[in-house]
*Asks:* 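Below you will find the structure I want to go over with you.
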There are 2 protein chains.
Amino acid sequence: MKLNDRAETLLRSLIEIYINEGQPVGSRTLARQIKLNLSPATVRNVMSDLEDLGLIHSPHTSAGRIPTQKGYRFFVDSLLQVKPLEQLTLEEMQDKFSNESDPQLLLNKASELLSQVTHFAGVVLIPGQRSSLFRQIEFVKLASQRVLTILVTDDGRVQNRVIPTDRSYSASELVEAANFFNQVYAGTSLADVRRGLLKEMQKDSDEMHRITATALAVAGKLFDDEDDGGDAVMLSGEENLFNVPDLCQIEKLQKLFDAFKTKQDLLDLLDRSMRVGGISIFIGGESGYQSLDDCSVVTAPYDHDGEIIGTVGVIGPTRMSYDEVIPVVDVTARLLSGALSTPSDRLE
Amino acid sequence: MKLNDRAETLLRSLIEIYINEGQPVGSRTLARQIKLNLSPATVRNVMSDLEDLGLIHSPHTSAGRIPTQKGYRFFVDSLLQVKPLEQLTLEEMQDKFSNESDPQLLLNKASELLSQVTHFAGVVLIPGQRSSLFRQIEFVKLASQRVLTILVTDDGRVQNRVIPTDRSYSASELVEAANFFNQVYAGTSLADVRRGLLKEMQKDSDEMHRITATALAVAGKLFDDEDDGGDAVMLSGEENLFNVPDLCQIEKLQKLFDAFKTKQDLLDLLDRSMRVGGISIFIGGESGYQSLDDCSVVTAPYDHDGEIIGTVGVIGPTRMSYDEVIPVVDVTARLLSGALSTPSDRLE
DNA sequence: ATTAGCACTCCGTAGATCCGAGTGCTAAGA
DNA sequence: TCTTAGCACTCGGATCTACGGAGTGCTAAT
């Protein structure tokens, strides 16, 4: 798309005004705003051209123009110059991350931070466990045929589950089984653990060592349906969206909150943006999810020692101040990456 | 409050009609509905009396009457006869709880169940850990000065936290410390553990056994700020409330969702209702929380081997079918109690 | 005590009108 | 050829009016 300077300036101004005011922008308003001394009539001509290009449109005959999705896209790609973050905001953001080392809580804080600073909804894609390595397992006997299993992966995350067993195991059997596991599988990926278990199970159980059998019987169920433990999204400040004038229609909010509830769409979207790498901006329906039609999503990936493992983002109305939101998302991702990587939680 | 039979019948009918239709009920409608062959004029006289008593009121001169908060209260206390649960619904509900033994997931399912069956929001008060007993602790070394602590209480719940330490501990030191803990404190309440720790800390550290010192240094921080780990509320189906006509005003929903977010009000409310025991019904502003002004909350306590440990409930509009919601909440609480208590997760 | 009748009130809707904002077009000017 | 002034036109939103429907309260008769 190629535009002459004047058209670009006008489009930029129009979008900026619209983002600020929320009202369709007319030719007179735009002419007054602009440096070039142009008459409203001239501006109208240019606007007419921009409308032909599909960048703006009027909601009705005698209203001003508002940007189309395509217009926003062009604006974001070619016209936008992001504002640097205010020093004060930056410090606030840094404060938020200091004195916190638990990865789970860090992600939580990142999400909250995004919603607080932008007054929209903050979202964090939490890396799945697919790539994480088995570190340690503990079995705690609860009732006669119920065992609590605690699984620790090398990135310091803990999962626990109560598992019904076929027979009752003694405490010492469980300790032995845990030791067996911890020695045999330490450092291997969870997928490998699952594969190993399946293989063992196919052998005739008579041949097995008693301890192995116990371990298999107890932990088999744990790893069986562990494949669901994939990515997850964490959302903060959804309630901010109630205050966004562009969204304050019951049906829109309802669609949005339904999407927040199921999270599947969000998850897909964030996952896609993670693969892209770098800051992604989905405008309106671009994401392909109907529930986000009136929203834009700005995301940035974060990493752990250089490897991208997740995404942070902001969900707000399409009419948002991209020049302010983008740096906030960017900085949050960086701060989060920093906070996650020092000191390392991985095995030494 | 004493009412003659006819007034009672009329009030009951009026409220039932209003709950079904959502529109103010006029004298003609009410007269037609009622078995007794009364003329609208007579009905009007009775309605006038009921209005004087503060049980109903008109939104404006030429509209019918709607129940006041006081009217609902009288209805619920004196006039309501709950419907027995449909067999089909009951079976659905039982299905939901079968094949699940993890307490956490059970609570989750209870909450979902309530929202699905009633089409309102389901809520569960999750018992705090105040009364739970220390069972086992594990320390996992992450980085040089970061230790993952895993705390298991006797009700099978697991908490974990990454703790920064002052110096680096070896794996064996951590194992020893864990053993120390598990032997000394097993079966005592968490509060006692905290007290014990504080006492130990006041001693001169030189006198302490090395293992004790390690245990204290690592776990001290865990128990330090563990007091926040109190009750929690779990909410499901908030999005159902978008579809409730009585609530579909942005500001009302916003207040509601703000309350859902902070959860403090909810927590107080459910905690109060737990202490009362039995089914509690808070109508409109009765709860005292402004955010719930247009809502009613129906709750029932659930227990674990006879001891009440939490509450389940439904949050819906004041204009809800109490005769249907009440048994659902009641049965859910019973089913949950049953599912929690067999087999016991407690120490044997 | 109950009821029929009637005047009155109020809401909600549908038209009618008007104003402001903005456009598109045309013709004149640079 | 680009720009501009002028003008007719359109449309949405606010305001006003009229009116029918629903319901009440009161009164007088049964």
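Not measured: the values here are computed from a predicted model.
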*Asks:* Closest to the A:T42 side chain: D:dG25, D:dT3, D:dC11?
*Replies:*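 Minimum distance to the A:T42 side chain belongs to D:dT3.
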*Asks:* Taking the six-membered ring for Trp, are the ring centroids of B:Y72 and B:F75 within less than 6.0 Å of each other?
*Replies:*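 No, ring centres 6.0 Å or more apart.
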*Asks:* Is the ring centre of A:F257 less than 6.0 Å from the ring centre of B:F257?
*Replies:*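 Aromatic pair counts; centres sit under 6.0 Å.
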*Asks:* Could you say whether B:T61 or A:P24 is positioned toward the 5' end of DNA chain C, judged by the nucleotide with the nearest heavy atom to each?
*Replies:*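 Final value for this comparison: B:T61.
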*Asks:* Find the distance A:R6:CZ to D:dT4:C1' and express it as a whole number of Å.
*Replies:*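 Those two atoms, CZ and C1', are 12 Å apart.
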*Asks:* Quick one: B:E21 CD to D:dA22 P, roughly how many Å, whole number?
*Replies:*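 B:E21 atom CD is separated from D:dA22 atom P by 14 Å.
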*Asks:* Take the protein atom CZ of B:R65 and the nucleotide atom P of D:dT24, then report the distance between them rounded to whole Å.
*Replies:*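 So the CZ-P distance, B:R65 to D:dT24, works out to 5 Å.
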*Asks:* Expressed in angstrom and rounded to an integer, what is the separation of B:L10 atom CG from C:dT2 atom P?
*Replies:*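 After rounding, the gap between these two atoms is 11 Å.
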*Asks:* Kindly point out which of D:dG12, C:dT3, C:dT23 is positioned nearest to the side chain of A:S27?
*Replies:*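 Nearest listed nucleotide: C:dT23.
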*Asks:* Hey, does the side-chain of A:S62 have a donor or acceptor N/O within less than 3.5 Å of a partner on the base of D:dC11?
*Replies:*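 Indeed, a donor on one side and an acceptor on the other fall under 3.5 Å apart.
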*Asks:* When you measure from the side chain of B:S58 to the backbone of B:T61, do you find a donor-acceptor pair of N or O atoms at a distance under 3.5 Å?
*Replies:*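 Here the side-chain-to-backbone pair does not exist.
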*Asks:* Could you check how far CZ of A:R44 sits from C1' of D:dG6, rounded to whole Å?
*Replies:*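 One finds 10 Å between C1' of D:dG6 and CZ of A:R44, rounded.
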*Asks:* Between atom CD1 in A:I56 and atom C1' in C:dT23, what is the gap in whole Å?
*Replies:*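 To the nearest whole Å, that distance equals 12 Å.
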*Asks:* Rounding to an integer number of Å, can you tell me how far B:D49 CG sits from D:dT24 C1'?
*Replies:*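 In whole Å, D:dT24 C1' lies 14 Å from B:D49 CG.
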*Asks:* Check whether B:T68 reaches the backbone of B:G71 with its side chain - one donor and one acceptor, N or O, closer than 3.5 Å.
*Replies:*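 At least one qualifying donor-acceptor pair exists.
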*Asks:* In whole angstrom, what separates B:E51's CD from D:dG25's P?
*Replies:*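 Taking atom P of D:dG25 as the reference, CD of B:E51 is at 7 Å.
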*Asks:* Using a 3.5 Å distance criterion without hydrogens, assess whether the side chain of B:Q69 forms a donor-acceptor pair with backbone atoms of B:G285.
*Replies:*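 Present.
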*Asks:* Closest approach to the side chain of A:H60, judged atom by atom: which nucleotide of C:dG24, D:dG12, C:dT3 is it?
*Replies:*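 Nearest listed nucleotide: D:dG12.
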*Asks:* How would you label the contact of B:A41 with the nucleic acid (heavy atoms, under 4.0 Å): base, sugar-phosphate, or nothing?
*Replies:*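 The answer is base, as B:A41 lies within the cut-off (heavy atoms under 4.0 Å) of a base atom.
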